[in-house]
Structures are given as C-alpha cells and as structure tokens.
J.: 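The structure is given below, and queries will be raised subsequently.
Numbers restart at 1 for each chain; the letters A, B, ... are given by sequence-line order, proteins then strands. Please read these numbers as outputs of a predicted model, since none were measured by experiment.
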Protein chains: 4
Amino acid sequence: MTRGPKPALKARKTPVQSRSRVTVDAIFEATIQVLLREGMRALTTTRVAERAGVSVGTMYQYFPNKQALVYALNERYLDALAGRIEATCAEMRGAPLAEMAEALIDTYWTAKTERAEVTRALYRSVVELDNDALLQDFATRADAATTAMFASAPDMADRDAPTLNLTLAAVIYGTVRNAFERGLSDKDARRLRRNLADMCQAYLAVKAEHHTGAIAWSTS
Amino acid sequence: MTRGPKPALKARKTPVQSRSRVTVDAIFEATIQVLLREGMRALTTTRVAERAGVSVGTMYQYFPNKQALVYALNERYLDALAGRIEATCAEMRGAPLAEMAEALIDTYWTAKTERAEVTRALYRSVVELDNDALLQDFATRADAATTAMFASAPDMADRDAPTLNLTLAAVIYGTVRNAFERGLSDKDARRLRRNLADMCQAYLAVKAEHHTGAIAWSTS
Amino acid sequence: MTRGPKPALKARKTPVQSRSRVTVDAIFEATIQVLLREGMRALTTTRVAERAGVSVGTMYQYFPNKQALVYALNERYLDALAGRIEATCAEMRGAPLAEMAEALIDTYWTAKTERAEVTRALYRSVVELDNDALLQDFATRADAATTAMFASAPDMADRDAPTLNLTLAAVIYGTVRNAFERGLSDKDARRLRRNLADMCQAYLAVKAEHHTGAIAWSTS
Amino acid sequence: MTRGPKPALKARKTPVQSRSRVTVDAIFEATIQVLLREGMRALTTTRVAERAGVSVGTMYQYFPNKQALVYALNERYLDALAGRIEATCAEMRGAPLAEMAEALIDTYWTAKTERAEVTRALYRSVVELDNDALLQDFATRADAATTAMFASAPDMADRDAPTLNLTLAAVIYGTVRNAFERGLSDKDARRLRRNLADMCQAYLAVKAEHHTGAIAWSTS
DNA sequence: GATGAATGAGGGTTCATTCAT
DNA sequence: AATGAATGAACCCTCATTCAT
C-alpha cells in the first residue's frame with residue numbers, strides 16, 4: 001500500500017551521527033525560513049545552504065537534489081503529524097465516537113496551527129510533482145489509525161468503519177485546512193472549531209439513533 | 001472589498017474579437033493541459049504556446065507575463081465558480097437551511113468534479129504568488145452570497161448568520177477539496193457526499209432544537 | 001572618396017509627394033523624441049511608429065529596416081550641417097583666415113547648440129555600426145569646403161592648405177563636441193567659444209609671422 | 001564630488017585572488033574584442049563569455065549584469081587615464097604653461113593612440129545609459145589635476161585658472177578625439193599633434209603679453 | 001568531508017520584421 | 001496603401017548540479 005518515494009528522492013544518508021543531525025536540522029529549518037520569507041520561487045539551493053550556514057556542496061551530501069530536500073521536509077512533517085494522530089488514536093481507544101472525533105479535531109487543529117508558518121511554508125512547497133505519493137502515504141497511515149480507533153468505540157454498533165472513517169477524516173481534515181487558509185481571527189477560529197465538533201457529534205448522534213432503533217430525529 | 005489584481009497581472013487586451021477569443025481560449029486550454037500532464041514545474045511559456053499552437057510572441061500579446069496568465073486562468077475559473085454559487089444561492093432563497101446546505105454541496109461538488117482535471121490543474125497552479133488575493137476575493141464573494149441565502153431561510157431563527165455561514169462554508173468547501181484530493185472511487189465519493197449532507201442536516205437540526213426550545217438531544 | 005551607404009541602408013523611396021514627406025518627417029521627429037526621452041535602448045520600431053502616428057507597416061514602407069531609419073536620420077542631419085558649413089565657406093571666401101576660423105566656429109557651435117537635444121539624440125544613435133561611413137562622408141565634404149575657403153584667404157601665403165585645414169577643422173570640431181559633452185553653463189560656454197576663437201587667431205598670427213619673414217614671437 | 005556608480009552597476013566581487021583576476025581580465029579583453037570586431041550591437045553576454053573562454057554563469061559571478069560589465073570596463077580605462085594625467089600634472093608642476101600644455105597633449109594623445117582599438121571599442125560602448133556619470137567623474141578628476149598644475153605655473157600671472165583649464169582641456173581632449181576619429185595617417189597625425197601644441201603655445205604667448213603689459217601681437 | 005567557483009541548459013521576455021486583411 | 005497581429009530568433013539572466021581544491 002505504501003508506495004514509497006522514487007529512488008531519486010531518498011535522502012542520501014540517514015543522519016545517525018549527531019553532527020549530521022544538526023546539519024540536516026539546520027537545512028530543514030533554513031528551507032522553512034526561505035519558503036516563508038521569500039516564497040517558493042526564491043527557494044534556491046544556494047539560498048538555503050547560505051541560511052543554513054553550510055555550503056551547497058555539503059547540502060548535496062545529504063540530499064541528492066533539491067526535490068529530495070523538499071520531499072524530505074514534507075515527509076518529516078507528515079511523519080510527525082501521522083505520529084500524533086496515531087498517539088491520539090491509541091489514547092482514545094475504547095472511548096465513545098463523539099469523544100474520538102473531538103480528540104481528532106483537537107490534535108489536527110493544534111498540529112496545523114501551533115506553527116502556522118511552517119504549515120503555510122509546506123503548503124507552498126507541495127508544487128513538487130511527486131509529493132502526491134507522500135500525501136497518499138500519509139492518508140493511508142492516518143486512515144489506518146483512525147479506522148482502528150473508531151472500530152474500538154463502544155457505540156460503533158454495526159456501522160461501516162471505513163465509511164465512517166472516510167466521512168469524519170475528510171470532514172475534519174478538509175475543514176481544518178479550509179479554516180487555515182481563511183486566516184481566521186482567533187475568535188472565529190474558536191467558533192468554527194467548536195461548531196465542527198458539534199457537527200460531528202450531531203452526525204454521530206443521529207446515526208446512533210438509526211443503529212439503536214431509536215426514532216430518527218427527522219421524524220420526531 | 002475586492003482588492004483587485006496588481007497592475008502587472010492584468011491581461012493586456014480584452015479579447016473582444018472572435019479570433020482573439022479563440023486564441024485566448026486555446027492558451028488557457030493549453031495551460032491546463034501542460035499543468036495536468038507535466039505539472040507546475042514544466043509550465044513554461046514556450047511549452048504553453050507550443051501546445052496552444054501559437055507563438056510565444058502571440059501569448060505575450062495577450063498576457064504581459066507568465067504570472068498574469070496563471071492569474072487570469074484562476075480568475076476565470078473562480079469567477080465562474082462564484083457565479084454558480086451565486087446562482088444556487090439565488091435559487092434557494094427562502095428554502096429551509098438543510099436544503100440550502102444540500103444544494104450548496106451539490107453545486108460545489110459538481111463544479112469541482114465535472115472537469116476534475118481542470119480542478120487539479122488549478123490547484124497546482126495556485127501556489128504562485130499573489131493568487132492569495134484571488135482566493136480572498138473569491139471567498140468574499142461566495143460568502144456574501146451564501147450568507148445572504150442563509151439569512152433568508154425560514155428556520156434561521158435567531159442564529160448568527162455569519163457564524164453559521166462560516167461553519168457550513170468551511171466544512172463544505174474543505175470536505176469537497178479533501179475528497180477531491182483523495183481521488184475516491186465513485187462509490188466512495190457518493191457515500192461521502194451523502195454523509196456530508198447528512199452531517200450538515202444533523203447539525204442544523206440540533207441547532208434548531210436549541211433555538212426552538214426543544215430538549216437538546218444530548219440530554220435525552 | 002564617397003563610400004556611400006550599404007544598399008540595405010538606403011531609404012526605400014524618396015519622398016517626392018507631399019504626403020510622403022509629411023510622414024517621413026513625422027517618423028524622423030518621432031525617432032528623435034523617443035531617443036531623447038527614452039534613450040537608444042527604447043528605440044523600437046513600434047514605439048517610433050506609435051509616436052509618429054503611423055503603423056509599423058507604414059514605417060517599413062519608407063525604411064527597409066530600423067538601421068536604415070537611424071542611418072537616414074543621421075544622414076539628413078549631417079547633410080544639413082555640411083550644407084551650413086558650405087554656405088559659410090562660400091560667404092567667407094576671400095576673407096582673412098582669422099575671420100574664416102571665427103565664422104566656422106560660429107556656424108558649427110550654433111548648429112550643435114541650437115537644438116542641443118537633437119544633437120544629443122543623434123550622438124546616442126551613432127552606435128549603429130555603419131555610421132562610420134556616414135561620418136567619413138561628412139568629413140570629406142566639409143573638408144572640401146573649408147579647404148577651398150582657406151585657400152582663398154589673402155593671408156594664406158605659402159601655407160599648406162590641407163594641413164591648415166586639418167588643424168583648424170580638428171581643433172574646432174573637436175573642441176565644440178567636447179564643450180557640448182561637458183554640458184557647460186552659458187557663461188562658461190561663451191568663454192570657451194571666445195577663447196577657442198582667440199586660440200585660432202593666435203595660431204594663425206604666429207604662422208603669419210613665420211611666413212612673412214617676421215621674427216618669431218618666441219625669440220623676441 | 002564623485003557620484004559613484006548606481007549599486008546595480010557595481011562589480012560583484014573584487015578580484016583579489018590571482019585566478020579571479022585572470023578571469024576578469026579575460027572577460028574585459030573579450031569585451032573589447034567583441035566590441036571591436038562586431039560592434040556594440042553584437043555585444044551579447046554569450047558572445048563575450050565565449051570569447052573569454054568562460055561560461056556565462058562565470059561572467060555573472062563577477063558582474064551582476066551586462067551593463068555593469070561595460071561600466072566596469074570604462075571605469076577601469078578612465079581610471080587609468082586619469083591616473084596618467086595626474087602623473088603628468090605632478091611631474092610638470094612649476095613648469096611654464098606652454099610646456100604643461102605640450103606634456104598634456106603628449107600624455108593624452110599617447111594614451112588614446114597606443115592601443116587605438118581599445119579606445120575605439122570604448123568609444124562605441126559609452127553610449128550605454130549612465131556612463132555619463134562615469135565621464136563626468138573622469139572630467140572632474142582630470143580637471144582637478146590640470147587646474148592645480150596650471151595654477152603652479154610661474155607664468156600664470158593673474159589668469160583665471162578655471163577658465164584657462166577649461167579652454168586647454170576642451171581643446172586638447174576634443175582635438176585628440178577628433179583626430180582619432182579621422183583615422184589619420186601617421187604623417188598627418190604627427191603634423192596635427194605638432195600644430196595643436198603650437199596653437200596652445202601661441203594662445204598662451206598672446207595671453208602672456210596681455211598680462212605682462214607687452215604690446216599685443218595684433219598691433220605690432 | 002567540506003567548499004564554492006564554474007558550468008550551461010533552459011527560462012522569461014523583447015522586438016524587428018512579415019503578410020493577410 | 002495602410003494596418004497591426006503574429007512570428008520566432010535571440011537576448012539576458014538564473015540556478016541546480018558538479019568537482020577540483
């Protein structure tokens with residue numbers, strides 16, 4: 001299921017030594033800074049190396065080409081994001097669906113917002129062709145985690161886990177991104193987040209009635 | 001409210017004559033094709049002109065520079081999209097909120113899906129600088145239309161129109177985009193679309209109960 | 001001796017009809033204007049045609065290419081200049097050398113100064129390769145006139161006419177151009193002009209002594 | 001007093017290392033060659049780089065743009081020329097005016113003639129925008145040197161130094177340029193040079209008489 | 001291992017010139 | 001004759017990538 005990156009995009013060496021790690025981190029941070037301050041168009045290898053305080057040559061020791069750098073940056077970010085989602089999912093195992101949804105919203109929203117500039121920088125960097133694969137991999141991994149989580153909910157009844165997951169995931173991730181792109185005020189952001197949670201809750205409650213034989217709300 | 005494009009991005013001549021229109025259309029179409037087949041990176045003026053069957057020089061007769069071309073393409077698309085949303089909003093004036101939401105989902109989903117490649121091509125192109133302004137303009141226009149529509153609903157009660165609008169707009173547009181990016185199968189797409197509508201309906205129903213004094217579901 | 005222009009630089013048609021003459025004049029004037037206001041770099045056929053109020057196509061009816069236009073402009077200017085020099089020479093025939101020199105300075109200085117911008121514009125346009133030939137032709141023609149004039153002076157004695165001519169011509173033309181390029185104030189300009197005349201006079205006087213058997217000034 | 005170049009025209013790196021110096025020299029030399037053989041019109045970055053035996057990229061490492069290259073070339077030449085004039089002025093300090101004039105002619109004439117092609121190439125290149133400033137700077141510097149020199153002459157009497165300087169400088173520089181452009185034979189060149197010196201001498205002698213109370217030549 | 005000067009393909013853009021209308 | 005849209009060669013410049021030091 002995991003497609004894995006094209007060979008050309010793989011990082012050259014896994015930074016095991018601490019010096020390497022520091023260098024790579026500096027490069028990543030520099031990339032974000034440049035992306036942020038000057039945009040995708042100005043993201044040149046020279047500029048990144050300069051800001052990272054290393055030479056271009058050194059950069060090429062860690063990344064076979066520019067695309068690989070951007071790729072790795074996104075990979076790293078998405079890996080961390082997936083990890084956080086998995087953590088949340090593990091934590092919420094066995095909780096009611098509504099709480100799961102709320103926790104997922106919390107996690108995702110926080111992740112996207114806490115370093116908004118980084119998020120924005122990365123959105124900008126995704127022009128690169130093959131990041132599609134990256135996104136698919138992330139989706140697959142996140143979906144696996146959330147699907148498993150939902151399946152463990154006591155109020156799952158006989159719902160179709162994949163479909164429920166698809167619905168909640170699409171709504172939550174999609175809404176958060178849209179919110180992000182709107183550049184909302186803090187107040188609006190809080191409201192929207194609350195309403196999104198309410199919406200998921202309402203949806204789950206209605207479905208619950210269906211599945212528990214209760215009278216559907218629409219007929220009440 | 002509308003910021004308007006930077007002068008540098010304005011198209012050079014408005015294609016009034018039929019020949020001009022044909023040419024401009026060919027250029028737009030070619031841009032989409034290139035974007036689609038080769039990605040943003042390969043979107044060069046030469047390539048576009050070639051595929052459009054005109055010379056670079058001709059292209060520059062209509063667009064002062066490459067950015068302006070991409071800008072105009074997005075402008076055109078977003079203008080049409082906003083128009084469709086406005087039409088839907090006009091049509092649904094006075095209908096119940098749930099129906100409005102459903103109609104909005106229909107319109108937006110259809111617009112994004114009926115020429116999926118175009119949508120995909122444009123998503124790829126929006127990364128370019130200053131298209132932000134374009135998106136903001138679109139959002140402003142669309143929000144105006146939907147807010148007005150919602151305000152006309154008989155079951156609006158004492159809801160806060162801007163907040164309701166923000167919620168539904170963010171959820172609907174966000175979810176549709178997320179769905180789109182997942183490249184769902186037809187079946188999954190249909191399911192998600194249905195569930196998104198249900199979700200909105202459920203949310204509106206619950207809120208309705210609140211506003212009509214009914215006992216909230218969560219306490220039942 | 002006259003090399004004549006390369007065929008490619010010849011104007012296409014001699015403007016005999018009055019309409020043609022008006023058009024050509026407009027084009028010339030437009031060329032000067034553009035040269036003046038925007039410099040050589042901005043001297044494009046489109047721009048010239050536009051300012052002249054004709055279409056590029058029409059321009060190409062009168063000049064086979066851009067170089068020919070610039071060539072013709074310079075040719076016209078130099079022709080007029082040579083004409084004025086010839087007129088002065090004719091007028092001064094038989095006068096003393098010193099008066100001849102003064103008259104030549106007057107004529108040349110006035111010609112260069114009375115429409116200084118035009119002079120400047122033309123200096124700018126001379127980048128064009130083959131204008132060398134043009135300049136040579138002018139020099140030949142002017143030298144012929146001045147040499148003849150000098151030869152007619154009563155105080156020529158046994159001087160070498162070509163050498164005297166070379167000396168005076170080089171000094172006068174050279175100094176005037178240098179003065180022009182310095183962008184002198186009116187006062188400085190007047191002073192320099194006066195001193196240039198004095199210098200020529202002094203030179204001629206000394207030579208006269210030599211040639212008349214008088215004791216050379218330097219030994220007195 | 002010195003205006004200094006626009007920032008855009010400054011050279012990118014000062015060639016301190018020997019390799020850099022060689023490269024820059026090669027580029028300068030190539031520029032002159034192209035200018036000479038093909039004229040200003042054909043002075044393209046590619047052509048220069050090619051003839052210099054380096055890549056365009058390398059050229060741009062040393063000069064931020066084409067104009068800067070031409071600018072630097074002229075700057076270098078004019079700097080050397082000014083230096084030579086200053087040296088002559090220093091050397092002639094305290095000498096009689098006539099000898100000063102002769103020395104100035106020698107220096108200037110030699111400088112313009114010894115590498116005639118270079119001179120010619122540069123005359124062709126000066127048309128470019130903003131080299132005006134360069135010329136002004138040169139003039140200012142040279143005038144400062146010559147004015148100071150003239151002021152130190154024993155036979156300055158109560159002459160106006162600036163005016164004397166303006167006169168001699170304009171006549172000498174102007175005449176030399178004109179001579180140069182005429183492409184004189186060696187014999188004619190020698191003659192003209194001699195006569196120019198004589199002319200200056202005659203002018204200074206006459207003035208001297210005025211200032212020393214002697215009877216003016218014209219009345220003798 | 002690290003450096004950064006050198007490379008040169010390729011990008012965006014201009015503009016002299018043509019030719020169908 | 002006049003027009004001006006179309007052409008495309010050629011220009012200036014950038015920047016990912018290499019490799020001698």
J.: Check every atom of F:dT7, E:dT3, F:dC12 against the side chain of B:Val54 and return the nucleotide holding the closest atom.
T.: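 Selected nucleotide (nearest to the side chain): F:dT7.
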J.: Could you identify the nucleotide paired to E:dT18, looking across every strand shown and requiring Watson-Crick or G-U wobble geometry with both distances under 3.5 Å?
T.: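 F:dA5 is the nucleotide pairing with E:dT18.
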J.: Taking atom CD as the centre, does D:Gln33 end up with more than 12 heavy-atom neighbours from other residues, nucleotides or ligands that are less than 6.0 angstrom away?
T.: yes
J.: I want to check one thing: is the phosphate of F:dA6, taken as OP1 and OP2, less than 4.0 Å away from some side-chain N or O of B:Tyr62?
T.: yes
J.: Checking D:Asp137 against D:Leu78 for the side chain to side chain contact (heavy atoms under 4.5 Å, CB included) test, could you report, in this order, the C-alpha distance in whole Å, the side-chain angles of both residues, the deciding distance, and whether it holds?
T.: CA-CA 9 Å; D:Asp137 283 351; D:Leu78 290 174; over 6 Å; no
J.: Please state how far atom CZ in D:Phe63 lies from atom P in F:dT14, giving the value in whole angstrom units.
T.: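 The answer, rounded to whole Å, is 15 Å.
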J.: Over how many whole Å does the gap from D:Arg41 atom CZ to E:dA16 atom P extend?
T.: 9 Å
J.: Report the distance from atom CG of C:Asn65 to atom C1' of F:dA9, rounded to the nearest whole Å.
T.: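 Whole-Å distance recorded here is 16 Å.
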J.: Which whole-number value in Å describes the distance from D:Glu50 CD to F:dA10 P?
T.: 13 Å
J.: To the nearest angstrom, how far is D:Glu38 atom CD from F:dA10 atom C1'?
T.: 14 Å
J.: As a quick check of understanding, evaluate side-chain hydrogen bond (donor to acceptor under 3.5 Å, both in side chains) for A:Ser20 and A:Thr23, giving each step before the final call.
T.: CA-CA 5 Å; A:Ser20 293; A:Thr23 303; over 6 Å; no
J.: Examine E:dT3: is either OP1 or OP2 under 4.0 Å from a nitrogen or oxygen in the side chain of A:Ser55? Give yes or no.
T.: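 It does, given that an N or O in the side chain of A:Ser55 lies less than 4.0 Å from OP1 or OP2 of E:dT3.
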J.: What integer distance in Å separates D:Gln61:CD from F:dA16:C1'?
T.: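 Answer to the nearest Å: 14 Å.
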J.: Name the residue closer to the 5' end of DNA chain E, choosing between C:Ala42 and A:Val56 according to the nucleotide with the nearest heavy atom.
T.: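 Per heavy-atom nearest nucleotide, the more 5' residue is A:Val56.
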J.: Salt bridge check, D:Arg51 against D:Glu38: does any charged N sit closer than 4.0 Å to a carboxylate O?
T.: yes
J.: Quick one: A:Met59 CE to E:dT3 P, roughly how many Å, whole number?
T.: 13 Å
J.: OP1 or OP2 of E:dA16 less than 4.0 angstrom from a side-chain nitrogen or oxygen of C:Thr45, does that happen here?
T.: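 It does, given that an N or O in the side chain of C:Thr45 lies less than 4.0 Å from OP1 or OP2 of E:dA16.
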J.: Closest to the B:Tyr60 side chain: E:dC15, E:dT13, F:dA6?
T.: E:dT13
J.: Tell me which of B:Gly57 and D:Arg47 sits closer to the 5' end of DNA chain F, going by the nucleotide each one is nearest to.
T.: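 Between the two, 5'-proximity favours B:Gly57.
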J.: Of all the nucleotides listed (F:dC13, F:dC15, F:dT17), which has the minimum atom distance to the side chain of D:Lys66?
T.: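 So the nucleotide nearest the side chain must be F:dC13.
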J.: B:Thr58 or D:Thr58: which one's nearest nucleotide on DNA chain E is closer to the 5' end?
T.: D:Thr58
J.: Please confirm whether D:Phe28 and D:Phe63 have ring centers closer than 6.0 angstrom.
T.: yes
